[in-house]
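What follows is a set of notes on a single structure, which appears directly below.
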Amino acid sequence: MTLELMIVGDFLSRKDTEEGGPWQDGLGRMYKAFLKDQGIEPRECLFVNVFNFTPAPRATMDQLFGNKKEGIPLTKPVMNGKYVLAEHAQAVQKFRDTVNHHKPHLILACGDIATWATCSGNNPIDNARGRIAIGNAGINGTKVLPTYAPSQVAASWPFRPVVLADMAKAAREMQFPQVRRPQRFLHIEPDLEDMEDFFQTYIRNSSYLSCDIETKGNIITCVGFAPTVDRALVVPFFSETHTGGNYWATPTMERKAWQFVERMLALDIATSGQNFQYDMQYLWRRMAIGAPSFKDDTMLMHHVLQPEMRKGLGFLASIYTDETAWKGMHKVSAADKSAKRGDAE
């Protein structure tokens, strides 16, 4: 019989040990109730832990960690400077053997240790959760969805609706073993003719238009337009590979590019964006370009629906889309004021 969903925790609690198995304590029962709320029958899932024992002497996660020299050789840290002790290498391998034996469609990795044991790279749970990932080599690339651990929800109840949203995604993803990414078509590095072709082909007859800008210091580096969920045009203005940093070869060409941006935003098409009030004021102050067709702001719409959740674009993508965690692909200094607030995690 095919196993669709495996729930992975960190280690056995003392209550679990008393009850004779994993996920038997109050926190385990809480998560089983969460699963039922999302239409997942716990009795059809396999509940396991990375470590099938209770850490001594205090039954806490820190009992499993040491410094790099004390850790399992050639492994990443679970958290900054915290490596799983080498004495637990056999337990980790036993867990991975369990995964490979059962071959689940999906692993719901609950917490930092479960994410560490199943995913590649450095994956702090705040950045990894909600994103479908390809499992590491130790579990033969089994599909993984990280989320918060029961203890994290118990310590911070606002995590509860986030976990429920992740479990709703798990209910969909457990139906098949493949990692299915959405297909996108991004039109980049266009010339003026390319931009006009994009307008005639994709924007002209659309009923909705999403817009986003990127900034660097006091300049707008590019403006993006998406008339559909799978296609977008990037109109660049700054380029590190072009002489003087200007994408356009002449002032006349740049002026025409800005006129194109102004024309798109003046169309009688409902326009939206993430924290788009920022974009509008920046376009107006820097280029005197308005957005009279502005209708919706995804950040504000989400905040109305889920006021207890975070509102950054990366977080929204983890809840509403199947995109990868692109926000962690580069590091932005905390002192960099060019990143707009609505894009923050």
Side-chain angles (χ1 to χ4, degrees), residues 1-11 16 21-25 27-50 52 92 94-121 123 125-153 159-183 229 306 309 315-325:
M1 181 177 178
T2 300
L3 176 64
E4 293 185 341
L5 182 61
M6 176 183 285
I7 317 293
V8 178
D10 41 27
F11 54 82
D16 286 335
W23 295 81
Q24 299 297 318
D25 61 6
L27 294 178
R29 292 194 299 272
M30 176 183 72
Y31 260 42
K32 289 173 183 177
F34 289 176
L35 290 167
K36 285 187 175 182
D37 286 343
Q38 303 308 312
I40 300 173
E41 176 50 60
R43 289 175 296 183
E44 297 176 0
C45 304
L46 180 62
F47 291 83
V48 301
N49 288 314
V50 176
N52 199 33
V92 175
K94 187 175 180 180
F95 158 71
R96 288 174 172 165
D97 289 343
T98 299
V99 174
N100 294 329
H101 172 74
H102 289 282
K103 297 181 175 63
H105 284 179
L106 176 69
I107 291 174
L108 186 64
C110 302
D112 290 290
I113 290 178
T115 301
W116 167 85
T118 57
C119 296
S120 302
N123 297 291
I125 192 63
D126 281 335
N127 295 336
R129 60 131 301 275
R131 313 285 190 162
I132 294 296
I134 299 173
N136 58 37
I139 59 171
N140 297 324
T142 301
K143 187 166 63 174
V144 180
L145 176 60
T147 191
Y148 291 118
S151 59
Q152 292 173 303
V153 175
F159 284 164
R160 176 181 177 273
V162 179
V163 170
L164 291 175
D166 292 342
M167 288 181 174
K169 182 175 288 190
R172 301 191 301 270
E173 292 287 338
M174 64 188 278
Q175 305 299 321
F176 49 89
Q178 303 86 4
V179 175
R180 299 175 181 175
R181 301 293 189 201
Q183 189 176 45
V229 297
Q306 303 286 356
M309 290 186 181
F315 179 81
L316 266 63
S318 76
I319 295 291
Y320 298 112
T321 79
D322 295 323
E323 296 290 349
T324 57

Note, [X] side chain near [Y] side chain (heavy atom, < 4.5 Å):
X: Pro104; Y: Leu5; answer: no
X: Arg180; Y: Ile132; answer: no
X: Met167; Y: Val163; answer: yes

Looking at [Y], is its backbone amide N or carbonyl O close enough to the side chain of [X] to form a donor-acceptor pair, meaning the two atoms are under 3.5 Å apart?
X: Asp37; Y: Ala168; answer: no
X: Arg181; Y: Glu323; answer: no
X: Gln24; Y: Pro22; answer: yes
X: Arg131; Y: Thr324; answer: yes
X: Lys143; Y: Leu106; answer: no
X: Asp25; Y: Asp16; answer: no
X: His105; Y: Glu4; answer: no

- Message: Does the plane of the ring in Phe159 sit parallel, tilted or perpendicular to the ring in Tyr148? Use 30° and 60° as the thresholds.
- Response: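 The rings of Phe159 and Tyr148 lie parallel, inter-plane angle below 30°.
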Smallest separation among heavy atoms of [X] and [Y], with atom names:
X: Ile7; Y: Cys110; result: CG2-SG, 4.0 Å
X: Val144; Y: Cys119; result: CG1-SG, 3.7 Å
X: Thr115; Y: Pro146; result: OG1-CB, 3.5 Å
X: Cys45; Y: Glu41; result: SG-O, 3.6 Å
X: Ala170; Y: Leu145; result: N-CD2, 3.7 Å
X: Arg96; Y: Asn136; result: NH2-ND2, 3.5 Å

Rounded to the nearest 0.5 Å, how far apart are [atom1] of [X] and [atom2] of [Y]?
X: Asn100; Y: Thr142; atom1: CG; atom2: OG1; answer: 6.0 Å
X: Thr2; Y: Glu44; atom1: OG1; atom2: CD; answer: 12.0 Å
X: Gln306; Y: Ile319; atom1: CD; atom2: CD1; answer: 8.0 Å
X: Ile125; Y: Trp116; atom1: CD1; atom2: CH2; answer: 14.5 Å
X: Ile113; Y: Thr118; atom1: CD1; atom2: OG1; answer: 11.5 Å
X: Leu3; Y: Met174; atom1: CG; atom2: CE; answer: 8.0 Å

- List in chain and number order the residues that pass ring pair (Phe, Tyr, Trp, His ring centres under 6.0 Å) with Tyr320, two or more places apart in sequence or in another chain; answer none if no residue qualifies.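 With neighbours one apart ignored, the set is His302.
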- Could you pull out all residues at least two apart from Pro161 that satisfy side chain to side chain contact (heavy atoms under 4.5 Å, CB included)?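 Residues passing side chain to side chain contact (heavy atoms under 4.5 Å, CB included) with Pro161: Glu308, Met309.
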- Task: Taking side chain to side chain contact (heavy atoms under 4.5 Å, CB included) as the test, write out the residues that go with Asp322, two or more places apart.
- Result: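 Partners of Asp322 by the side chain to side chain contact (heavy atoms under 4.5 Å, CB included) criterion, ordered by chain and then number, come out as Lys169, Arg172, Glu173, Pro182.
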- Message: Checking Asn49 against Trp23 for the side-chain contact (heavy atoms from CB on, under 4.5 Å) test, could you report, in this order, the C-alpha distance in whole Å, the side-chain angles of both residues, the deciding distance, and whether it holds?
- Response: CA-CA 8 Å; Asn49 288 314; Trp23 295 81; 3.4 Å; yes
- Message: Could you go through Asp10 and Val50, starting from their C-alpha distance and side-chain angles, then the distance that decides it, and tell me whether this counts as side-chain contact (heavy atoms from CB on, under 4.5 Å)?
- Response: CA-CA 5 Å; Asp10 41 27; Val50 176; 5.9 Å; no
